[in-house]
Amino acid sequence: MLDKRDPLSSIELALSEEISRVVNDIGISLDKREIKFDETPDRSLGHMGTSIGFKLAKEMRRSPEAALKEIIERMNKIEGVENFIAKGGYLNVKLDVPLISREVIEAATKGHLGRGLFSGNVMVEHTSANPVHPLHIGSGRNSVIGDTLARILSFIGYNVRRHYLVNDCGLQSAYIALGKSIINDKPKGKVDHWYGLIYAAVNQAIELKKGNKEAEENLRRIRERDPELVDSIVSRIMNMEDPEKEVYEILRRYQKGEREIKSLLRSSAEEVIGGFMQTLRRIGVEHDEYDWESDMVWSGLVEKVALMLKPYVSVDDGAMYLDMNKAREKGVKVPENLPDRFYLSRSDGTWLYTMTDIAYSYKKLVEIGVDRCYNVIGAEQTMEQQQVKVGVALLGLDPDRIVHLGYELVSLAEGEMSGRRGIYITVDEVLDETAKRASKLVAGRDVGEDVSEKVTVGAFRYAMLSIDPKKKLQFSWNRVLNLEENSGPFIQYSYTRAASILRKAGYIPEEYDTSLLSSRLEEDLVLLMARIPKVLRDSVNLLRPDLIVQHANEMAKKFNKFYEEIPVISSEKNIRDARLKLVEAFKESLGSLMDIAGIPRMERM
RNA sequence: GGGCCCGUAGCUCAGCAAGGAUUAGAGCGGCGGCCUCCUAAGCCGUAGGUCGCGGGUUCAAGUCCCGCCGGGCCCGCCA
């Protein structure tokens, strides 16, 4: 029996097992895992093949083709396979396309394809941007990658929690609190943008006081957005004795939980997070929980975990650090390249993010109790993540339950973004600009009114997602505003074409004959759908959520060709029924990939 | 100095995890076509590449190994 959720893989598995059995029978060792199938370059050679002939030739002292023929002779029939072809060093397989088509179409239309392949409890921590300025496109990439990973995991059967770590116990938050404490204004405009301005102004004012020339120019630029506000911040800070010392003092009192500072800082951070939520909701991102760093400090969790680490901690001028040599003595695997010291606290007694991060890992794995947590965090923190994992191991937990999905930052053609200098492109403005472009295109069409917003979200998420996370993403307006091929809207368009055919036909056939789907294009569409479960598995194993949109793009491209070349509604009844069913399966399977990637579905556009 | 990552058409990227049947693929941009026919946000054709360089392993290397070169990140009592 073929696996309803993944027919193609079950055929491949049966093939590998059978081939390795036969090969082993004649005295040659060949593990089934060494047998992998690739597409053939030419359909006349079969659908897929494996190049084991070269290895066999050597062992059997025959030509590759002769060796393969002998193997094929001895093989049993396998469900889903029509016949075998030995060609060169390749053992090729011609699939029973009508059978596979039926399996795949049934699975796709019932929504089984790729579903429920795994089980367990996992967490994805993503976004986790510091609440000091609006989400910029770098955070946007994080959100989209993280949210898509979570959706994949959920689709393939895991129980998934999405968490956001609010970093409000760092120095950056204290800058905001300092700024807030010296002004009387109420937020103007979107609240996170307003706080972003305060953050940049405080930073640059302090730089100015320290005599940094560059600060003057930065302030001139920042000032344009709200001269009065920026001026008052600058003048107050210039009059302060030692503003930086104030910042540290604010942080110290905040971590101690002093009421006055608490209400000042925490409420500012909460307002910013509120702004983030608006933006995130717009791009389809929601978290199950916002975990506040301050809560972990105030509740004593951080203290408790620090105590557990005490045997491996040394102190330097009052500051605690994890001693990697002590960790090594304990028998924990510590990568060679890590520094000997991993500081956990400052001399003034405040915790560093490193310590709260270890405590947070403890919370995830023990208190919440997930099997595994994927941390979507910038690649620049790779070493910090390794250090945290050492801490996790010292707590007696398997460090591999923490998985770092590191992604490269988003850069601008003009240079890097910088929150401190107030240089960034926000998610909000990218979305607004894209929406403008999209609504121009939609104007005058008879489609629903939320189409341009759906197009915007599709375009944005595709643009943020479509590149391998470990490669830098160079932001360009062109990339996001591209509504043509190789974009979110391209996929959406293909989907609406399928929808349009089904709508015009007005019915879905009960009976259909898959042997009538005999064209190359129809066969290709079925095979593309059949590969979806593998794409889902790969995207998780390789930490490559971009594979999802790549595959969706391939499917859309293939369907557009089908749409242009193969008539559905006007064809003869039996053929029409088979094709309609294929279109339905395509629509549902592409739709499921769109759901996973967060690219909104539309019936018209 | 040490560690990690990247280097494929003018530009942006797939392909590298599991080496194979290519004459290395897309998109954008260029040039030329296709709407009395299921939405042209589409389709077709065409031009464009010493897969950074040099060695090695192999019957076979864009893919694996070593060494270089170029770019990025990290090696904070920042996050």
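Letters A, B, ... are given to chains in the order of the sequence lines, protein chains preceding strands, and every chain is numbered from 1. Computed from a predicted model, the values in this text were never measured in an experiment.
- Between A:Y353 and A:W351, the gap from one ring centroid to the other reaches at least 6.0 Å.
- For B:G27, the OP1/OP2 oxygens have no side-chain nitrogen or oxygen of A:R479 closer than 4.0 Å.
- Proximity of A:R346 to the phosphate of B:A79: a side-chain N or O atom is located under 4.0 Å from OP1 or OP2.
- Just one residue in the list A:L481, A:I425, A:T456 forms a side chain to side chain contact (heavy atoms under 4.5 Å, CB included) with A:V430, and that residue is A:I425.
- Of all nucleotides present, none satisfies the Watson-Crick or G-U wobble test against B:G48 with each distance under 3.5 Å.
- The A:D538 side chain lies nearest to B:A18 when the options are B:C6, B:C38, B:A18.
- Regarding contacts with the backbone of B:C43, a side-chain N or O of A:N560 is found under 4.0 angstrom from either OP1 or OP2.
- A sub-4.0 Å separation between OP1 or OP2 of B:A17 and a side-chain N or O of A:K36 is absent.
- Of the P atoms belonging to B:C78 and B:G67, the separation is 36 Å, rounded to the nearest Å.
- Using bins of under 30°, 30° to 60° and over 60° for the plane-to-plane angle, the ring pair A:Y175/A:Y199 lands in the perpendicular bin.
- Between A:R544 and B:G15, a side-chain N or O to OP1/OP2 separation shorter than 4.0 Å is present.
- A close approach under 4.0 Å does occur between a side-chain nitrogen or oxygen of A:K471 and OP1 or OP2 of B:A14.
- For the pair A:F475 CZ and B:G72 P, the computed distance is 22 Å after rounding to whole Å.
- Toward the 5' end of RNA chain B, the nearer of the two residues A:F54 and A:Q387, judged by each one's closest nucleotide, is A:F54.
- For B:U58 and B:U63, the C1' atoms lie 13 Å apart once the distance is rounded to whole Å.
- The phosphate of B:C77 (OP1 or OP2) has no side-chain N or O of A:R341 nearer than 4.0 angstrom.
- Residue whose closest nucleotide on RNA chain B sits further toward the 5' end, between A:N486 and A:D316: A:N486.
- Across the P atoms, B:G10 and B:C51 are found 13 Å apart, a figure rounded to whole Å.
- For B:G1, the paired base is B:C75 (Watson-Crick or G-U wobble, both distances below 3.5 Å).
- Base pairing analysis places B:G54 opposite B:C66; the two distances defining the Watson-Crick or G-U wobble pair are each below 3.5 Å.
- Look at the C1' atom in both B:A26 and B:A47: the space between them is 16 Å, to the nearest Å.
- Look at B:C51: its glycosidic torsion is beyond 90° from 0, and that puts it in the anti range.
- With B:C38, B:C77, B:C13 as the candidates, the nucleotide lying closest to the side chain of A:V568 is B:C38.
- Annotation: B:C53 and B:G45 have their C1' atoms spaced 36 Å apart (nearest Å).
- A:K561 has a side-chain polar atom (N or O) that falls below the 4.0 Å cut-off from OP1 or OP2 of B:C44.
- Taking atom C1' in both B:A17 and B:C77, one finds a spacing of 40 Å when rounded to whole Å.
- By the neighbour-count criterion of 12 heavy atoms within 6.0 Å, atom CD of A:E17 is densely surrounded, having more than that number from other residues, nucleotides or ligands.
- Regarding contacts with the backbone of B:A79, every side-chain N or O of A:Y353 stays at 4.0 angstrom or more from both OP1 and OP2.
- Pairing for B:G10 goes to B:C28, judged as Watson-Crick or G-U wobble with the two contacts each under 3.5 Å.
- Nucleotides B:G52 and B:C13 are separated by 15 Å at their P atoms, to the nearest Å.
- For B:C38, there is no paired nucleotide, since no Watson-Crick or G-U wobble pair has both relevant distances below 3.5 Å.
- Ring pair A:F586/A:F559 is parallel by interplanar angle, where below 30° counts as parallel and above 60° as perpendicular.
- Taking atom C1' in both B:C74 and B:A79, one finds a spacing of 13 Å when rounded to whole Å.
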